[in-house]
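One structure below.
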There are 2 protein chains.
Amino acid sequence: MAKKALSMLSKSQEAAATCVCFNLRKASRAVTQLYDGILQETGVRATQTPILIASYLAGEVTVSHLADTLVMDRTTLTRNLKPLEDQGLITVKTGNDRRTKAIALTSQGKAVLTRVLPLWEKAQKQIVGGLGNDRFKSLLAELSAAVSVARS
Amino acid sequence: MAKKALSMLSKSQEAAATCVCFNLRKASRAVTQLYDGILQETGVRATQTPILIASYLAGEVTVSHLADTLVMDRTTLTRNLKPLEDQGLITVKTGNDRRTKAIALTSQGKAVLTRVLPLWEKAQKQIVGGLGNDRFKSLLAELSAAVSVARS
DNA sequence: CCATAAATTGCGTATATACACCTATTCTTG
DNA sequence: CAAGAATAGGTGTATATACGCAATTTATGG
């Protein structure tokens, strides 16, 4: 009994301090709030920026393909596209293969992206500057590795 | 014109590849799904585990204090407490200072935590094993630094 | 050519996140 | 002690996330 209770206490302390999932989510919350604050004047959120960028880079793309690119659940992306479509930043139309939807950035979306990118850079520089370039590069590499491990 | 378009393209490519916010969120999604899959049989989610653990370690704690501990928005925590209370894993009662709420883990919550912790360890070992101990420790340190920078 | 499998997407449901605003309680001070 | 300040918490609203299931369309094997 005493042993089990002790193990529960020490394991809880270890989990609180070292859990990769918790610490990733914690950092995500903090960093997302920083980006959101800086991007606020554009009306675009930190979470929406990658979608706009990927749409811009892909030209015209299906929901599933875009979800793969963003390493995002397909149904999550579908929900996330809605406010962007409502704001006129993207269009969603039926593709030639009528099972698919073709996502494309509108000219308004491109205009907004032009305003977003300098602010993104500002936020990014605050983080990179605070971390230092070495830790920044190390962080990116480890996040990439974590994704590979988690999905393998 | 050509210059601006080029800058937009290259900046978009840079953002897609290096954005700290996006890469953190991406890794959070992937890692959370791994933990969720392993924890599934307990009925407790990866996001709920830290709340149970912090409640267990704190003994009895107010919403705001728990939110500080978890580096989580107070109102987010309030919403997250609801399903845990519904499942009977925690109790929420008015504190002596009647402005406050006292959060406490129930005996059922402790029993569930006993089942959760070994599975948490299993998930954690998959990630740590995949990353290697050096990269794991480095990742934790950089996430901690990122939180400090983002909140400063 | 048709029956069936595969591919693509949407929707129902539930939880996670956080900002703005509101209420209730306690503290502070004249 | 009463009025304003400070503190603790909840609610409305909007977006983010993802699992399971259903619907539609395309590809494929006999």
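As the structure is a prediction and not an experimental result, all values here were calculated from the model. The basis for the numbers below is simple: all heavy atoms, side chains too, and nothing from hydrogens, waters or symmetry mates. The chains referred to below are lettered A, B, ... by the order of the sequence lines, with proteins before strands, and numbering in each begins at 1.
- To the nearest angstrom, P of dA14(C) lies 12 Å from CD of Gln87(B).
- A search for side chain to side chain contact (heavy atoms under 4.5 Å, CB included) contacts involving Ala58(B) returns Val61(B), not counting sequence neighbours.
- The side chain to side chain contact (heavy atoms under 4.5 Å, CB included) check on Ser64(A) picks up Thr62(A), Arg74(A), with sequence neighbours excluded.
- Applying the salt bridge (charged side-chain N to carboxylate O under 4.0 Å, His left out) test to pairs two or more places apart or on separate chains, those with a residue in residues 116-127 of chain A are Glu121(A)-Lys11(B).
- Residues from residues 89-109 of chain B lying near DNA chain D, meaning a heavy-atom separation below 4.0 Å, are Arg99(B), Thr100(B), Lys101(B) in numerical order.
- A heavy atom closer than 4.0 Å to some atom of DNA chain D occurs in Arg25(B), Arg29(B), Gln33(B), these being the qualifying members of residues 22-47 of chain B.
- The side chain to side chain contact (heavy atoms under 4.5 Å, CB included) test applied to Lys110(A) returns Tyr56(A), Leu105(A), Met8(B), not counting sequence neighbours.
- Once rounded to the nearest 0.5 Å, the distance linking CG of Leu52(A) with CZ of Arg45(A) reads 13.0 Å.
- Partners of Pro118(B) according to the side chain to side chain contact (heavy atoms under 4.5 Å, CB included) rule, which considers only residues two or more places apart in sequence or in another chain, do not exist here.
- A salt bridge (charged side-chain N to carboxylate O under 4.0 Å, His left out) check over residues 126-149 of chain B, counting only residues at least two apart or in different chains, returns nothing.
- With sequence neighbours left out, Arg99(A) forms a side chain to side chain donor-acceptor pair (under 3.5 Å) with Asp97(A).
- Looking at residues 68-75 of chain B, you'll see Arg74(B), Thr75(B) sit with a heavy atom under 4.0 Å from some atom of DNA chain D.
- Rounded to whole Å, the distance from CD on Gln48(B) to P on dT17(C) is 10 Å.
- Taking atom CG on Leu66(A) and atom P on dT8(C), their separation rounds to 14 Å, with Å as the unit.
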Under 3.5 Å, which donor-acceptor pairs do the side chains of residues 23-32 of chain B form with other protein atoms, sequence neighbours left out?
from     : atom 1 : to       : atom 2 : distance (Å)
Asn23(B) : ND2    : Cys19(B) : O      : 2.7
Arg25(B) : NH1    : Thr32(A) : OG1    : 2.9
Ser28(B) : OG     : Leu24(A) : O      : 3.3
Ser28(B) : OG     : Ser28(A) : OG     : 2.7
Ser28(B) : OG     : Leu24(B) : O      : 2.9
Arg29(B) : NE     : Val71(A) : O      : 3.2
Arg29(B) : NH2    : Leu70(A) : O      : 3.0
Arg29(B) : NH2    : Val71(A) : O      : 3.2
Thr32(B) : OG1    : Arg25(A) : NH1    : 2.9
Thr32(B) : OG1    : Ser28(B) : O      : 2.6

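- The outermost nucleotides of DNA chain D lying under 4.0 Å from heavy atoms of chain B, listed 5' to 3', are dA6(D) to dC19(D).
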